[in-house]
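Everything on this sheet refers to the single structure shown next.
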Amino acid sequence: MSKILDLKTKYHNYDSRSMNNHQKTDLREALRGFSVGDLASVDEHKMYVELLKLFRTSLAEDDKLKGDNYPALLESLLSVGEDGVYSTPLRFLFELIQNVDDCDYADHSRVELDVQTDYNNGKIVLTYNETGFTPFNVFAITGIAEAAKNVSSDKVEIGEKGIGFKSVFGVADKVLIQSGKFSFELYKNNFTIPEPAYENFEEVSGTRLTLFVDPMKVKGIYAEFVRKYHNKEALFNQNPLLFLNKLTKLHLYFDSLRSLTFNVSRSAPVLGSDLQIETDVHLSVDLRDY
């Protein structure tokens, strides 16, 4: 019996309200302990998401004891504006770009992020060529205060506290996460509980995030991004790639006629007296818009 099937058998008679604190702790540690090699088939990845849903739902039941308005308060904190932590509608995009830069890549000379703003269907789709989500990545991204330093002391994935990714819910009502054999949705009104999404499933190479956003917001986000970068000075003083470690290309597009592409190439850093210095950095930007 596989590790995930053994865990599912152990908890198949439980629901989110019947689990005691000891059982929740036991399930939490078991889910945190899964490695990439512990899950093989699509069914096993789906089982992991289902068990994670059970665990997160049980925690959500506990949250109700903190106050009737606690869930609504968490949701409002992720909004854009005076009441939320995000003062600009573009903040979520920069948070996601940083998260993409934190991921693992097979070829560090080609680390690319495509951002498609689909006005007609009310979607913003981010696609990037990382090596793919690990079970712990799924566990961490569904939490709020989960430290994601499971690999080494100097490695942080998906944002140490999970808050950076949650910025998507400042603009999106739902996000579909597809990576390798993982496929699940998170909703704004309960953004820690993953919903398995395996209908018509196709395995994704790398990772694809689909944000479901009001169409007018989609249009405004693209327009704001272009407005921010429509002049030459922005290439240097606001370039979203310049201060990242890995990302070499960012391509944001609205349709076949309107797009904005940043590229950066760099050599290995040279160790100076006390600093690492990059001596051969090439930047370019291509804006195609009306």
Side-chain angles (χ1 to χ4, degrees), residues 80 86 88-119 121 123-133 137 141 156-159 164-168 170-172 175-179 204-213 217-269 278 280-290:
V80 175
Y86 302 107
T88 167
L90 292 183
R91 174 65 181 271
F92 84 96
L93 190 53
F94 293 115
E95 293 280 358
L96 291 181
I97 290 171
Q98 180 63 64
N99 284 348
V100 169
D101 194 63
D102 287 337
C103 296
D104 285 329
Y105 296 88
D107 182 1
H108 280 244
S109 67
R110 192 180 69 87
V111 178
E112 300 178 352
L113 168 62
D114 277 6
V115 182
Q116 178 188 9
T117 53
D118 184 349
Y119 167 75
N121 295 300
K123 296 178 182 179
I124 299 175
V125 184
L126 294 88
T127 306
Y128 48 103
N129 60 330
E130 66 155 326
T131 55
F133 270 41
N137 291 152
I141 206 170
V156 179
E157 296 175 317
I158 312 299
F165 170 77
K166 303 304 187 298
S167 64
V168 299
V171 298
V175 57
L176 170 63
I177 300 174
Q178 299 166 289
S179 186
V204 172
S205 177
T207 295
R208 180 166 64 226
L209 308 179
T210 304
L211 283 57
F212 293 84
V213 182
K217 284 186 179 180
V218 173
K219 203 168 188 178
I221 287 167
Y222 175 81
E224 177 65 15
F225 205 84
V226 170
R227 185 197 65 77
K228 186 177 180 69
Y229 291 107
H230 77 283
N231 60 73
K232 291 186 295 183
E233 290 74 17
L235 174 61
F236 296 100
N237 62 23
Q238 299 182 74
N239 190 318
L241 301 187
L242 188 57
F243 301 102
L244 298 176
N245 294 317
K246 302 173 186 175
L247 205 59
T248 61
K249 181 179 179 180
L250 169 62
H251 178 53
L252 184 139
Y253 60 100
F254 189 78
D255 54 28
S256 60
L257 298 176
R258 289 169 286 183
S259 66
L260 178 62
T261 305
F262 287 96
N263 286 282
V264 60
S265 63
R266 49 168 65 97
S267 58
E278 292 180 296
D280 190 22
V281 179
H282 299 269
L283 297 168
S284 67
V285 62
D286 183 15
L287 173 61
R288 300 174 183 270
D289 198 273
Y290 302 135

(request) Answer yes or no: is there a donor N or O on one side and an acceptor on the other, between the side chain of Ser179 and the main chain of Gly206, under 3.5 Å? (result) yes

(request) Please assess Val175 against Phe212 for the test side chain to side chain contact (heavy atoms under 4.5 Å, CB included), listing each intermediate value before the final yes or no. (result) CA-CA 6 Å; Val175 57; Phe212 293 84; 5.9 Å; no

(message) I'd like to check Thr117 versus Phe225 (side-chain heavy atoms, cut-off strictly below 4.5 Å). Are they in contact?
(response) no

(message) Determine whether Leu96 and Val168 satisfy the following criterion, side chain to side chain contact (heavy atoms under 4.5 Å, CB included), listing intermediate values before the conclusion.
(response) CA-CA 8 Å; Leu96 291 181; Val168 299; 3.5 Å; yes

(message) Any heavy-atom pair between the side chains of Leu283 and Val285 that's under 4.5 Å?
(response) no

(message) Run the side chain to side chain contact (heavy atoms under 4.5 Å, CB included) test on Val226 and Phe254 for me, step by step, so that the C-alpha distance in whole Å, both residues' side-chain angles and the decisive distance to 0.1 Å come before the verdict.
(response) CA-CA 10 Å; Val226 170; Phe254 189 78; over 6 Å; no

(message) With a 4.5 Å cut-off on side-chain heavy atoms, are Tyr128 and Leu209 touching?
(response) yes

(request) Please answer whether the main-chain N or O of Arg110 pairs with a side-chain N or O of Lys246 as donor and acceptor at a distance below 3.5 Å. (result) no

(request) First locate atom CG of Leu287, then atom OH of Tyr229, and finally report the distance between them rounded to the nearest 0.5 Å. (result) 12.0 Å

(message) Just verifying a value: how many Å separate Thr261 OG1 and Asp114 CG, rounded to the nearest 0.5 Å?
(response) 8.0 Å

(request) Taking the side chain as every heavy atom from C-beta outward, state whether Asp118 and Val218 have any pair of such atoms under 4.5 Å apart. (result) no

(message) Nearest 0.5 angstrom please: Asp102 CG to Ile97 CD1, how far?
(response) 12.5 Å

(request) Taking the side chain as every heavy atom from C-beta outward, state whether Tyr253 and Gln116 have any atom pair closer than 4.5 Å. (result) yes

(message) So Val111 and Asp101, do their side chains get closer than 4.5 Å, heavy atoms only?
(response) no

(request) Please report the closest heavy-atom contact between Thr248 and His108, naming both atoms and the distance. (result) CG2-O, 4.0 Å

(request) Would you give the length of the straight line joining atom CG of Leu126 to atom CG of Leu93, rounded to the nearest 0.5 angstrom? (result) 6.5 Å

(message) For a 4.5 angstrom cut-off between non-hydrogen side-chain atoms, does Glu130 reach Asp104?
(response) no

(request) Scan side-chain atoms only and decide if Tyr222 and Asp255 contain a donor-acceptor pair under the 3.5 Å cut-off. (result) no

(request) Working to the nearest 0.5 Å, report the span between CD of Glu112 and OG1 of Thr127. (result) 11.5 Å

(request) Find out whether Gln98 and Leu244 are in side-chain contact, i.e. whether some heavy atom of one side chain is under 4.5 Å from a heavy atom of the other. (result) yes

(request) Measure the spacing between CD1 of Ile124 and CG of Leu211 and express it to the nearest 0.5 Å. (result) 6.0 Å

